[in-house]
Each structure stands twice: as structure tokens, then as C-alpha cells.
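Notes for the one structure printed next.
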Amino acid sequence: MYINNNKLWRKLSNTSVKIQYVGSAYTADNNDLFKNALESMQKLFNDDEIGCQIKEKLQPIRGHYSFILESQAYVLVVVDRIRSFPIFYSENDGLSISGSANDIKGKFSANNVDQKALLEFEMAGYVSGRKTLQEEVYQMLPGEYLIYDKKTKNIYRDQYYQYGLDSDYESKKTEEELLQELHLLHIKIFSEMIESLDGRPVWIPLSGGLDSRFILAMLKELNYENVTTFSYGPHNFWEIQKAEKIASFLHVKWHHVEYDPKEIRDIFDKEDQKKYHEEAWGKNSVPVLNDYYAILMLRERGVLPDDAIFINGQSGDFLTGGHIPHLESNMYDISFLIEKIVSKHYSLWEQLKTKDNLKYITGIILSEIKLCSGAHICSKDVAKYYEFYEWKERQCKFVINGQRVYEHFGFDWKLPLWHDELMFFWEKVPWEKKYKQKLFKKYLSVYDPATVFNKDWNVAQYNYRHIPFILRVLTSVMRTVFPNYNFQQNFTEYYSTYAAFYPQKNYFDFIRNSKGHRNSVSFHAKLIAKDLK
């Protein structure tokens with residue numbers, strides 16, 4: 001049974017097969033899989049070969065997509081390598097499948113909350129593996145396929161792709177050769193994307209960092225002119241000042257969307273935001289709110305065309321090695337890797353990192369990376385498994401889930417920095433060349449697209465909006481007297497650059513519950529968990 005009510009999904013059928021699909025999929029030789037979808041997919045996935053060759057047939061497919069194919073004998077469900085469009089399912093009474101977790105098993109209630117998954121959710125902001133917060137409702141993993149045999153009612157699942165784990169091959173090319181290969185790859189990817197845009201207006205959320213700037217630079221380098229940029233947050237935030245300078249230099253239209261904390265918190269309680277929240281969280285991840293407010297305000301200004309396509313910089317910093325932990329030794333105990341993963345992914349609330357909770361989380365991590373407690377691994381494998389875990393969990397569940405905001409407002413989107421070929425390239429670059437984005441930064445310096453990477457864009461870095469004088473004094477004193485106590489996090493973050501994302505209505509509500517929190521996501525995870533409890 002399929003319950004896809006999402007308007008993005010398309011449906012086709014004939015006497016022998018039914019297909020539902022979303023996004024765009026094409027083979028390595030650029031054959032559009034969804035053009036004449038019934039014919040092409042029925043030819044590619046036939047009953048005689050489904051059991052033994054499916055994994056091989058999925059390898060050449062590229063793009064951001066999901067699809068469900070039903071023949072008389074089986075049901076095949078596939079998501080792309082980054083889970084661009086999530087699919088959820090339940091195995092009760094056969095197989096129920098939907099692009100929305102809310103469609104399966106009806107209304108969510110506290111009676112069927114998975115309590116272990118809820119703990120993960122509070123600690124990380126998302127749920128690991130195939131679990132969701134609802135018992136007996138599961139999610140497809142990135143790069144995964146599912147086959148349901150109608151006759152036996154058996155379900156078979158497997159991943160046809162796992163970032164960094166599918167091959168131990170490591171590129172032996174010189175730095176110069178890697179840079180040249182990367183440049184040709186960028187030209188190919190962006191040229192193909194520009195062709196697919198067909199002249200439509202592109203809107204880029206532009207920060208002061210490298211990734212969104214790189215996308216803008218490549219579009220300008222390849223002479224795509226229908227581009228508008230926007231930045232959001234307080235006017236004195238250094239990233240916004242830098243973004244404005246870059247947009248001005250490239251003669252690109254730029255909009256600033258001021259995020260006033262009080263106004264944003266008022267929007268948080270409105271019906272449309274609640275509707276988006278319900279659509280986006282998928283019973284497995286805190287909804288991403290960053291772009292939501294900006295798009296809402298830009299639409300109210302009347303500047304956003306209906307046919308706009310949004311292109312953001314996700315997740316260039318991850319793929320290019322920006323998240324690899326600092327490594328010094330050649331060999332490490334597995335506990336080092338576990339500690340790094342916990343610190344990065346399971347630390348929304350310090351007080352939840354109890355001995356029992358950490359033991360449970362450690363078991364989850366070991367199960368996901370398929371290693372044993374007490375094992376020793378080399379630095380290369382530390383980097384490999386660390387990136388694999390983040391790809392599979394945080395990136396493909398929380399970060400990429402931010403694309404739901406564009407869909408909520410009826411806009412299309414592109415993710416060029418998550419192109420399959422870029423994933424294949426970066427997963428084979430030695431970690432030493434990726435660490436702190438070393439190779440990518442060298443690329444930007446050498447090739448300097450649109451000449452925006454070798455210029456000085458320095459601006460005054462001011463990360464706090466309107467900190468009361470007494471808090472500034474206390475923060476300074478506490479850093480000196482109690483260097484191990486995070487006074488800033490517990491008392492000052494409410495007035496930070498990211499103040500608008502904190503859900504509390506006043507400062508006293510914030511400090512009453514702020515102890516041990518990491519960022520605003522901590523509170524949103526806690527609010528959802530509280531509702532479920």
C-alpha cells in the first residue's frame with residue numbers, strides 16, 4: 001500500500017507495473033531514467049533479474065531522487081545516495097510506504113513512542129539507523145533499496161552505496177593532478193546543472209563562508225546571469241557584511257533579511273510554521289528552520305518569483321574534509337573514535353551524557369560502523385569511519401532535511417555540492433589532503449573562480465547582538481576565574497547572533513533551562529521530546 005500524498009511525487013501505471021517517483025534520476029551516460037519512466041524503468045528492473053542484479057543496476061544511477069516500483073511479483077523501493085527525498089515504511093499487515101512518516105499508522109501518539117529513539121533524539125536531534133520516534137515505523141537509509149516479495153511477504157534491505165566504505169581504494173594522484181581532476185569535475189557538474197536550469201531564476205542563500213560563495217562564483221564563471229542572493233540574520237553579523245561585499249563585487253542582486261529575535265519567536269507560534277514543522281520533521285529529525293523565516297519574509301516583500309530555484313552550499317565543508325577530527329598518532333583505540341562521534345553528534349545536552357546513556361550510544365555507534373569494542377584502528381580508518389557515520393546520520397537526516405523548507409513553499413532546489421561524482425571523488429582523497437579542507441582551499445586559491453577567493457574580504461567579527469553590559473562583564477570575569485565553566489553558553493547565548501533561533505519568549509525562561517545546552521537545536525529537540533512524553 002502506498003500513501004504518498006506529497007504533491008512532489010508523480011505516478012504512472014500500466015497493466016503490469018506501477019511507478020511513483022520524485023526528483024531527477026539519470027544513468028552515468030546521461031540517460032534520463034524518469035523520461036518515459038514506465039518504459040525505461042520496466043526495462044531496467046524486470047521480475048526475472050530483480051533478486052540477483054538489483055545492486056549492480058543501481059550503481060550507475062545518479063541524481064537526487066526516490067522511487068517506488070511495483071510489479072505483479074514484487075515492490076522495489078529506492079532512495080538516492082543522500083536520502084534527498086525520505087521514504088518511510090511499516091511492515092505491519094504487508095508493507096505500507098510513504099514519503100511522509102505522518103501518513104503511516106495514522107496520528108502519532110505517546111503510546112507508541114520508541115523511548116530509546118527518543119533518547120537519541122534529545123542527545124543528537126535525530127534518530128540513528130532505520131528507526132524513527134514511532135515504533136514499527138522505519139526510514140530508508142541513504143543509498144538503500146528495499147525489495148518486498150508479494151508472494152512470500154518477505155522484505156529484503158541492503159545498501160548499494162556507503163560513503164567511504166565501499167572501497168579501500170585511495171587516490172595516488174599528485175596534488176596537482178587532483179586539483180586538475182576536481183576542476184574538470186566542477187566544470188562538468190555546473191555546466192550540466194546550468195543546462196537543466198533552463199534560464200530560471202536562481203536564489204542562493206549567501207553566507208560569508210566558502211561553499212555558497214563557490215556556487216555563486218561557478219555560476220558567474222560560467223556566465224549564468226539570472227542569479228539573486230540573500231543573507232539572513234542581524235545586520236552587524238560579520239558573515240552578512242562579507243556576503244554583501246561579495247555580491248556587490250560580482251554585480252549580483254542581494255537581499256538582507258533581518259532576523260529580529262522577538263519577531264522570529266512570534267512567527268514560531270504561527271500556523272504555517274507549525275504546518276512546516278509537521279511536514280519536515282519526519283518523526284526522526286529536528287526541522288531545519290534557518291531558511292524558513294527568510295523565505296517567508298522574502299515572499300511577503302513580493303520579490304520571490306514563483307519559478308525560483310534555490311541552490312545552497314550544503315554540504316561542501318563536510319565532503320571536502322572540514323569535519324575530520326584532529327589526528328596525531330598512527331594508531332588509536334576505538335574509544336577515541338567513539339568519543340569524537342559522541343562529542344560531535346550526541347552532545348546537545350551535557351547532562352544526558354550519563355554512564356548508562358553513553359553505553360547505549362556507544363553500542364549504537366559500534367553497530368552502525370560494524371566494529372568491535374576494544375579494536376584498534378589506524379588514523380586513516382578513524383577519518384574514514386568518522387566521515388561515514390556523519391554522512392549516514394547527521395548529514396543525510398538533519399542537514400539535507402533542510403531542503404524540505406523549499407518544498408514547503410513550493411520551490412524547486414538543487415544540491416550541486418552533493419553531486420554523486422563529487423562524493424566519489426572526495427571519498428578517495430587521502431584524509432591528510434582533506435583535513436581542514438586543505439585541498440579544496442588550495443583549489444580555490446589556484447583556480448579562483450570569478451576571482452572572489454584571493455581577495456581580502458575581512459570585516460569586523462561581532463557575534464553578539466545586544467549583550468547587556470552586566471553579562472559582558474560577568475562573561476569576562478567567569479572566563480578568568482572559572483575557565484572550565486561555560487558561563488557564555490548558559491547565560492549569554494540568548495543574545496548571540498543566533499538568538500532568533502532560540503524558542504524561549506524571554507531571557508528568564510532561557511536561563512531556567514539553559515544549563516548544559518549546546519545550541520538552539522538543543523531546545524527544539526527538547527520541546528519535541530517534551531510533547532511526546
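Just so we're clear, the structure is a prediction, and the values are computed from it rather than from any experiment. All values below were derived from every heavy atom in this structure, side-chain atoms included, with hydrogens, water molecules and symmetry-related copies excluded.
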Counting only heavy atoms not in [X] (residues, nucleotides, ligands), do more than 12 fall under 6.0 Å from its [atom1]?
X	atom1	answer
Glu170	CD	yes
Lys275	NZ	no
Gln180	CD	no
Lys344	NZ	yes
Asp269	CG	yes

Look at the rings of [X] and [Y] and say which category their plane angle falls in: under 30° parallel, 30 to 60° tilted, over 60° perpendicular.
X	Y	result
Tyr346	Tyr126	tilted
His408	Tyr292	tilted
Tyr26	His419	tilted
Tyr161	Trp391	perpendicular
Trp281	Phe121	perpendicular
Phe318	His323	perpendicular
Tyr65	Phe34	perpendicular
Phe310	Phe230	perpendicular

Can you find a heavy atom in the side chain of [X] that is under 4.5 Å from one in the side chain of [Y]?
X	Y	result
Lys245	Gln241	no
Asn401	Lys397	no
Tyr163	Leu319	yes
Asn226	Val202	no
Tyr495	Tyr507	yes

Residues in side chain to side chain donor-acceptor pair (under 3.5 Å) with Ser347, at least two apart? Lys353
Contacts of His277 meeting side chain to side chain donor-acceptor pair (under 3.5 Å) (sequence neighbours excluded), chain-then-number -> none
Residue pair [X] / [Y]: nearest heavy atoms and the distance that separates them:
X	Y	answer
Ala450	Ala217	CB-O, 3.6 Å
Ser315	Val399	OG-CG1, 3.4 Å
Phe409	Ile295	CD1-CG2, 3.5 Å
Trp203	Ala308	CD1-CB, 3.7 Å
Ile324	Ala383	CG2-CB, 4.0 Å

What residue pairs, at least two apart or across chains, pass side-chain hydrogen bond (donor to acceptor under 3.5 Å, both in side chains) with a residue in residues 213-223? Lys220-Glu225
Run the salt bridge (Lys or Arg N to Asp or Glu O under 4.0 Å) test against Lys455 and tell me which residues pass, sequence neighbours left out. none
Pair [X], [Y]: side-chain N/O donor-acceptor within cut-off below 3.5 Å:
X	Y	result
Tyr443	His186	yes
Gln403	Asn312	yes
Glu120	Ser128	yes
Gln437	Thr320	yes
Glu390	Gln395	yes
Arg265	Gln504	no
Tyr389	His345	no
Lys414	Ser196	yes
Ser84	Asp80	yes

Please enumerate all residues that pass ring pair (Phe, Tyr, Trp, His ring centres under 6.0 Å) together with Trp431, with sequence neighbours excluded. none
Electrostatic pair [X]-[Y], nearest N-O below 4.0 angstrom:
X	Y	value
Lys434	Glu387	yes
Lys526	Glu122	no
Glu278	Lys274	no
Arg62	Glu421	yes
Glu181	Lys173	yes
Asp266	Lys262	yes

Go through it in stages, so that I can follow the logic: the residues are Phe425 and Leu178, the test is side-chain contact (heavy atoms from CB on, under 4.5 Å), and I'd like the CA-CA distance, side-chain angles, deciding distance and then a yes or no. CA-CA 9 Å; Phe425 172 86; Leu178 286 171; 4.0 Å; yes
Do any N or O atoms from the side chain of [X] and from the backbone of [Y] form a donor-acceptor pair under 3.5 angstrom?
X	Y	answer
Arg81	Trp418	no
Ser343	Lys340	no
Trp349	Ser522	yes

Does the side-chain contact (heavy atoms from CB on, under 4.5 Å) test come out yes or no for Phe67 and Val22, once each step is laid out? CA-CA 6 Å; Phe67 68 81; Val22 63; over 6 Å; no
Is the Phe501 to Phe268 ring centre distance short of 6.0 Å? no
Within the 6.0 Å centroid threshold, strictly below: Tyr502 and His524: no
To the nearest 0.5 angstrom, please state how far the [atom1] atom of [X] sits from the [atom2] atom of [Y].
X	Y	atom1	atom2	result
Phe523	His517	CZ	NE2	4.5 Å
Arg518	Met123	CZ	CE	11.0 Å
Asp291	Tyr406	CG	OH	3.5 Å
Ile311	Ile215	CD1	CD1	6.5 Å
Ile87	Ile68	CD1	CD1	4.5 Å

Yes or no on salt bridge (charged side-chain N to carboxylate O under 4.0 Å, His left out) for Arg404 and Glu407, after CA distance, side-chain angles and deciding distance? CA-CA 5 Å; Arg404 306 288 80 79; Glu407 297 165 7; 2.8 Å; yes
Side-chain donor-acceptor distances from residues 249-257 under 3.5 Å, at least two apart:
{"unit_1": "Trp254", "atom_1": "NE1", "unit_2": "Ser231", "atom_2": "OG", "d": "2.9"}
{"unit_1": "His256", "atom_1": "NE2", "unit_2": "Gly233", "atom_2": "O", "d": "2.7"}

